[in-house]
Amino acid sequence: MNKLNAGLCAALAAMGAQAEGPEDVEVVVVQATPDSRSMDLTDEWVPSPDVTRLLKRVPGGNVNGNGPLTGIPQYRGMYGQRIAVSLDGNQLAPAGPNWMDPPLSYATSGQLASIQVYRGIAPVSVAQESIGGAIEAHTQQGEFSEDGSVRLHGQFSGSAQSASAGTRLAGALQVAGENQRLALAAASERGDDARFPGGDILPTEYQRQRFDIGYGLRAGDHELALHYGYNDTGDTGTPALPMDIEYFEGDLYNLDYRFTPGGDWRLEASLFGSELDHGMTNYHLRRAPADPARWRRNIADASTLGFDLQAQRQDASGSWTAGVDGLRSEHDSNIDNPNNAMFFVVNFNGAQREVLGAFLERQQRLADNWRGEFGLRLNRVETDAGEVNGTPAMMMPPAMQLRDTFNASDRAQSDDNLDLVARLHYDSAPGTTWYLGVAQKHRSPSYQERYLWLPLEATAGLADANLYTGRVDLDPEVAREIEFGLDFGNGTLSLAPRIFYKRVDDYIQGTPSDDMAAIMFVRMMNASNGTSNPDPLRFDNVDAELYGFDMDWHWQLADSWALSGIVNYVRGERRDIDDNLYRIAPPNASLRLDYDTRAWGAGLEVVGYARQDEVSQTNRERETAGYAVVNLSARWSVTEKFSLDAGVENLLDREYEDHLGGYNRAYNPDIAVGERLPGYGINVFARASYRF
């Protein structure tokens, strides 16, 4: 019995009720419930099918966009696997080795209830590995009735947008009594290739369906909740990657048990998992290679199984939270050619990653005006992978050497990682709180970074067009960070600035490979196929640092008028050589003027990005120019139950390049291969919603 299965048995044996979240954790919340730092999804809805775009509405947040459904969260310069993301508590492991299905791609806005972005240093209780931050998304589940009645709630919505001729239909029903509740939801969305002022972005069509069912049972102090979700993503373009999505199909499931006996104790346990299948090609959506020998299809799958068990005890001066958690994922990826039954590449074979963690966290009232949070987490991370093979390794000596070296290596690796967090809050005056946080956080290598044996682009969505190999004996990343800030609010003006510095030892980054077998393989493939790929990179440990400033603010000008905005600045640099980190968002800011009444409202927004000339030479990253776009939005509450939303994005139809949007990898008469992908042109959108 492996460690995770033993932990699962322990969790099942000890299942009990929910622990409340840390009382002093600062959370930036994009959600549908009132909160002092929240944004209502009705007002903050985005017409994009990618809900990750909502992260641009929080300080420090941004999105690496590889396709219409393939937005990878970025927070303060870190992205992808460095940010812990969960959906209804389920920690998904994307099936695509190039992250065509990042975790938030399994959430649809028609079913979304909230997204929580933990600002800055995330508590150790929130996630196992959160070196770059933590995000929690929740779908609509319904709530038990407290007065003995049976209530029926629901929401139906339909929307459309012009930039990609996109449409979305979504519906959700919840029926709940005092002891039972049932939730049903479904969503369907599709769109065509998106337009920009110079033509079309090919391919950016998309289609996705999502179905959910959930059941809850309450008996006294006990609650049991079951949730099942089915995702079906069809033909969807990813122009920044070498292939497009043919399908993603999969099951997501959760079992949560909560025990709230009253008094000082609270307990919570969860089991979750997923089974995901994926197919992608370089020929069915984009123009196929002229040489049939270069057609490629990748069939991949991923499975996850995890648990979380927490207990909390309140006392006169604060609370203790302790817990154990585990997550096991396994990945397979096989490449073939539909024109040649003899061609194959075993890209990843049973690549496993298992994390078993334990943590202790203390919330403490230190004095009249002082509060603190102190956390400690220990993670044991174990990875392994099976042997690999492929047609190139049977025909080309460099590929044979790469295969044999990989298969002979000690692929079973383990890390013991200790995370520490300390956060202090000082209330200097009513409405004024000073904040200081320090932490040490770890992240062990991903399966791509350790087990990519043949020079390929299976890099979890880096989208830099470089070929990579992994390194089995990579060390974990270690970040030591400090942040300082202020929360101020006087009823009219509120602002929350933060400055931060993060020093990362053993940062995992592609560096020029010194493996002659990998170099010779790429050069031989170039000569054979008439391509011009540069020499490969290899994932390696380097030294890095990230630092910057972010702030959100709101100024209530009058009863119905308000100004608000966000300011973001982050730099990412190598410390071992004179270079910058790859794909860092340029300095940016937004300014929004809103007029709101109970019945209707309107907003005018200007979003500006500075030039990004601090780029990675190692990744051959190109600079981008600055730009600004103007957006309009309006809402009308026709009745208490029926509402309309409409607006225009990029009102002036500005042509621009999003620095985080990647490079074009597909033939397109309007955009050359290798050019920066442009942002979408003018986009008129509308939505109708009915709630009861």
Side-chain angles (χ1 to χ4, degrees), residues 55 60-66 71-83 99 102 120-121 129-133 240 439 441-446 448-449 457 459-468 470-471 474-483 498-513 534 536-550 568-588 609-624 657-663 676:
L55 300 181
N62 221 301
V63 181
N64 293 5
N66 291 337
I72 298 175
Q74 179 170 144
Y75 185 71
R76 291 183 175 176
M78 284 193 164
Y79 48 83
Q81 299 169 94
R82 296 182 175 97
I83 300 177
W99 268 46
I121 298 169
E129 294 178 292
S130 58
I131 192 171
K441 293 287 186 78
H442 287 75
R443 181 187 75 95
S444 287
S446 68
Q448 295 99 326
E449 293 163 338
E457 294 183 58
T459 58
L462 286 181
D464 63 355
N466 287 300
L467 303 176
Y468 283 74
R471 180 180 151 191
L474 283 170
D475 292 325
E477 297 177 336
V478 186
R480 296 173 178 89
E481 55 186 307
I482 183 170
E483 59 177 344
R498 294 287 186 275
I499 58 174
F500 59 90
Y501 176 81
K502 184 176 295 189
R503 180 185 178 94
V504 188
D505 296 331
D506 294 319
Y507 185 87
I508 298 174
Q509 156 88 42
T511 63
S513 178
L537 302 178
R538 182 181 69 177
F539 287 116
D540 211 340
N541 292 119
V542 303
D543 295 324
E545 62 184 359
L546 297 104
Y547 55 89
F549 167 86
D550 50 55
N568 295 313
Y569 172 80
V570 61
R571 277 293 310 276
E573 300 180 73
R574 294 272 296 272
R575 291 174 18 236
D576 52 338
I577 63 172
D578 183 16
D579 199 7
N580 300 289
L581 298 183
Y582 168 66
R583 214 173 188 182
I584 302 295
N588 60 88
Y609 279 75
R611 174 184 178 88
Q612 181 57 289
D613 53 10
E614 306 289 353
V615 295
S616 170
Q617 300 301 318
T618 302
N619 294 79
R620 302 184 295 124
E621 188 177 20
R622 299 180 186 177
E623 299 180 3
T624 50
E657 295 176 341
D658 181 352
H659 187 77
L660 303 183
Y663 308 94
R676 282 275 184 187

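In what follows, residues are counted from 1 in the order of the sequence shown.
Nearest heavy-atom pair across Arg583 and Gly661 is NH2-C, 3.9 Å. Taking every heavy atom of both residues into account, Leu537 and Asp464 meet most closely at CD1-OD2, 4.5 Å. The two residues Pro587 and Tyr569 come nearest to each other via the heavy atoms CG-CD1, 3.5 Å. Taking all atoms of both residues into account, the shortest heavy-atom contact from Pro73 to Ile83 is O-CD1, 3.5 Å. Closest of all the heavy-atom pairs between Trp99 and Pro102 is O-CD, 3.2 Å. Considering every non-hydrogen atom in both Val504 and Met78, the closest pair reads CG2-CE, 3.8 Å.
Atom CG in Leu546 sits 5.5 Å away from atom CD1 in Ile584 (nearest 0.5 Å). Separation of atoms CG (Asn541) and CG (Leu474) is listed at 5.0 Å; rounding is to 0.5 Å. For the atom pair Ile131 CD1 and Arg443 CZ, the distance stands at 7.0 Å (nearest 0.5 Å). Annotation: the span from Asp579 atom CG to Glu614 atom CD amounts to 10.5 Å, rounded to 0.5 Å. Here the CG atom belonging to Leu467 is positioned 15.5 Å from the CZ atom belonging to Arg538, to the nearest 0.5 angstrom. The distance from atom CD of Glu623 to atom CG of Asp613, rounded to the nearest 0.5 Å, is 5.0 Å.
Using a 4.5 Å heavy-atom cutoff, the side chains of Tyr547 and Val570 are not in contact. Between Pro476 and Asp506, the closest side-chain pair of non-hydrogen atoms is not below 4.5 Å. Taking the side chain as every heavy atom from C-beta outward, Ser444 and Glu129 approach each other to under 4.5 Å. Annotation: side chain of Val63 is not in contact with side chain of Ile72 (no heavy-atom distance under 4.5 Å). With a 4.5 Å cut-off on side-chain heavy atoms, Asn588 and Gln612 do not count as touching.
With salt bridges taken as basic N to acidic carboxylate O contacts below 4.0 Å, none links Asp543 and Arg503. Between Glu483 and Arg76 a salt bridge is recorded (basic side-chain N to carboxylate O distance below 4.0 Å). Ion pairing between Asp658 and Arg676 fails under the 4.0 Å rule for side-chain N and carboxylate O. Look at Arg471 and Asp540 and you find a salt bridge, because one of the NZ, NE, NH1 or NH2 atoms lies within 4.0 Å of a carboxylate O, short of that distance. A salt bridge is absent between Glu573 and Arg575; no separation between the charged side-chain nitrogens and carboxylate oxygens falls under 4.0 Å. A salt bridge does not link Glu545 to Arg571: none of the charged side-chain nitrogens sits closer than 4.0 Å to a carboxylate oxygen.
Remark: side-chain polar atoms of Ser130 are not paired, donor with acceptor, to backbone N or O of Gly133 under 3.5 angstrom. In this structure a side-chain-to-backbone donor-acceptor pair under 3.5 Å is missing from Glu481 to Ile121. Under a 3.5 Å cut-off, the side chain of Glu477 and the backbone N or O of Asp505 do not form any donor-acceptor pair. Asn66 contributes a side-chain N or O that, together with a main-chain N or O of Gly461, makes up a donor-acceptor pair within less than 3.5 Å. Counting only distance, with no hydrogens or angles, the side chain of Tyr582 and the backbone of Leu462 share a donor-acceptor pair below 3.5 Å.
In the model, Asp578 has no side-chain atom that pairs as donor or acceptor with a side-chain atom of Gln617 under 3.5 Å. Neither side chain, Asp550 nor Asn568, offers a donor N or O lying under 3.5 Å from an acceptor on the other. Side-chain contact of Asn580 with Ser616: a donor-acceptor pair under 3.5 Å is absent, judged by distance alone.
None of Tyr75, Tyr79, Tyr609 except one satisfies the side chain to side chain donor-acceptor pair (under 3.5 Å) rule with Asn62; the exception is Tyr609.
In summary, the aromatic rings of Phe539 and Tyr468 are positioned with their centroids under 6.0 Å apart.
In this structure Glu621 satisfies the salt bridge (charged side-chain N to carboxylate O under 4.0 Å, His left out) test with no other residue, sequence neighbours excluded.
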Item to check | Worked verdict on Glu457 versus Thr459 for side chain to side chain donor-acceptor pair (under 3.5 Å) | outcome: CA-CA 5 Å; Glu457 294 183 58; Thr459 58; over 6 Å; no

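Taking the ring axis of Tyr507 as reference, the NZ or CZ atom of Arg574 does not stay both within 45° of it and closer than 6.0 Å to the ring centre.
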